[in-house]
Amino acid sequence: MFKKYDHSHQMSCDLLYIDEQSFNDIPYSAEELSMRLKKHTHYNIYIQYIKDVPVGYIGLLEVQNPHYSGVWIDLIAVCKQYQNQGIAKHMLELVIKKFKNKGITLSTALVRENNIPSLCVFKKLGYKEEADAFKLLCLDKI
């Protein structure tokens, strides 16, 4: 089952569980996480469940600018015990289908160079590295 995050306490706990099992870097309680995410209406999260167990999530930012309509794949997380079972690929396929039906024409993702499993998943689905690579610039504290 693939469900859109609804800001409920249960789904916030599910996100925190997946994070704990994968990246372990969300520093908020379920209540704080829900409040933070409610403020950002263009950011959506979908959670993948297997037999009611949360196993992965994907974060998406819908983008509309003068050049294109797109979806930015912000983050994919899969619990360690469920990795290498096609879950990330499955979530990406569902997202691509969903946004294609909405008229979105471009999907982009930013993946760490050393994250070989994620790079492989994206490439299997037809994503290509840009020849004229952009540089990621960050301003950490504003």
Side-chain angles (χ1 to χ4, degrees), residues 1-130 133-142:
M1 178 173 23
F2 193 60
K3 292 174 66 175
K4 186 174 180 177
Y5 173 69
D6 64 5
H7 305 283
S8 67
H9 180 76
Q10 183 58 56
M11 287 190 95
S12 296
C13 288
D14 292 347
L15 280 176
L16 290 172
Y17 171 77
I18 296 163
D19 178 69
E20 181 182 290
Q21 301 297 312
S22 55
F23 296 111
N24 200 25
D25 64 359
I26 297 176
Y28 308 111
S29 68
E31 293 77 20
E32 291 172 302
L33 181 61
S34 177
M35 286 189 324
R36 290 177 62 85
L37 293 172
K38 275 183 186 176
K39 294 177 184 176
H40 302 286
T41 59
H42 287 48
Y43 189 77
N44 291 297
I45 297 173
Y46 291 85
I47 302 176
Q48 180 68 49
Y49 294 88
I50 295 177
K51 297 182 181 175
D52 296 325
V53 175
V55 299
Y57 70 82
I58 186 167
L60 312 164
L61 180 64
E62 290 185 54
V63 179
Q64 180 67 51
N65 69 32
H67 305 284
Y68 63 86
S69 297
V71 60
W72 179 272
I73 311 290
D74 174 57
L75 183 62
I76 298 177
V78 176
C79 295
K80 280 189 180 25
Q81 65 267 35
Y82 291 95
Q83 291 176 0
N84 300 310
Q85 296 179 31
I87 292 169
K89 181 178 181 238
H90 175 71
M91 290 190 299
L92 274 168
E93 288 171 333
L94 291 172
V95 163
I96 290 167
K97 182 178 179 181
K98 173 183 177 43
F99 284 94
K100 186 176 183 179
N101 291 340
K102 285 179 71 174
I104 299 290
T105 58
L106 178 71
S107 175
T108 57
L110 183 65
V111 181
R112 289 186 188 270
E113 203 170 16
N114 64 351
N115 189 341
I116 305 303
S118 286
L119 288 170
C120 289
V121 168
F122 280 101
K123 288 179 180 178
K124 280 181 189 174
L125 293 174
Y127 286 75
K128 296 180 177 77
E129 291 183 45
E130 285 282 326
F134 292 90
K135 294 288 184 188
L136 175 64
L137 306 174
C138 297
L139 180 58
D140 235 2
K141 307 280 184 196
I142 56 171

Least distance between heavy atoms, [X] atom then [Y] atom:
X: Ile76; Y: Ala88; value: CG2-CB, 3.9 Å
X: Ser22; Y: Lys80; value: O-NZ, 3.3 Å
X: Phe23; Y: Ala77; value: CE1-CB, 3.6 Å
X: Pro54; Y: Ile18; value: CB-CD1, 3.8 Å
X: Met11; Y: Ser8; value: N-OG, 3.1 Å

Run the side chain to side chain contact (heavy atoms under 4.5 Å, CB included) test on Met91 and Val78 for me, step by step, so that the C-alpha distance in whole Å, both residues' side-chain angles and the decisive distance to 0.1 Å come before the verdict. CA-CA 10 Å; Met91 290 190 299; Val78 176; 4.0 Å; yes

Side chains of Tyr127 and Ile96: closer than 4.5 Å at any heavy-atom pair? yes

Taking C-beta and beyond as the side chain, do Tyr68 and Val63 meet within less than 4.5 Å on heavy atoms? yes

Identified side chain to side chain contact (heavy atoms under 4.5 Å, CB included) counterpart of Ser107 within the set Leu92, Leu125, Ile73: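 When Leu92, Leu125, Ile73 are each tested with Ser107, the side chain to side chain contact (heavy atoms under 4.5 Å, CB included) holds only for Ile73.
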
Quick one: sort the Phe2 and His90 rings into parallel, tilted or perpendicular, breaks at 30° and 60°. perpendicular

Return the [atom1] to [atom2] distance between [X] and [Y], rounded to the nearest 0.5 Å.
X: Asn44; Y: Tyr57; atom1: CG; atom2: OH; answer: 14.0 Å
X: Glu62; Y: Lys102; atom1: CD; atom2: NZ; answer: 3.5 Å
X: Leu37; Y: Ile45; atom1: CG; atom2: CD1; answer: 4.5 Å
X: Lys38; Y: Met35; atom1: NZ; atom2: CE; answer: 8.5 Å
X: Asp19; Y: Asn24; atom1: CG; atom2: CG; answer: 6.0 Å
X: Ile87; Y: Ile58; atom1: CD1; atom2: CD1; answer: 12.5 Å

Output side-chain donor-acceptor pairs under 3.5 Å for residues 109-121, partner residues at least two apart or in another chain, one line each.
from: Asn115; atom 1: OD1; to: Ser118; atom 2: N; distance (Å): 3.2
from: Asn115; atom 1: OD1; to: Ser118; atom 2: OG; distance (Å): 3.3
from: Asn115; atom 1: ND2; to: Ser118; atom 2: OG; distance (Å): 3.2

Examine distances only and state if a side-chain atom of [X] and a backbone atom of [Y] form a donor-acceptor pair shorter than 3.5 Å.
X: Lys4; Y: Tyr46; result: no
X: Ser69; Y: Gln64; result: no
X: Gln48; Y: Met1; result: yes

Is it the case that atom [atom1] in [X] sees more than 12 heavy atoms from other parts of the structure closer than 6.0 Å?
X: Asp52; atom1: CG; answer: no
X: Asn84; atom1: CG; answer: no
X: Glu31; atom1: CD; answer: yes

Salt bridge check, Glu93 against Lys89: does any charged N sit closer than 4.0 Å to a carboxylate O? yes

Could you please spell out the steps behind the side-chain hydrogen bond (donor to acceptor under 3.5 Å, both in side chains) verdict for Ser12 and Tyr5? CA-CA 8 Å; Ser12 296; Tyr5 173 69; 2.7 Å; yes

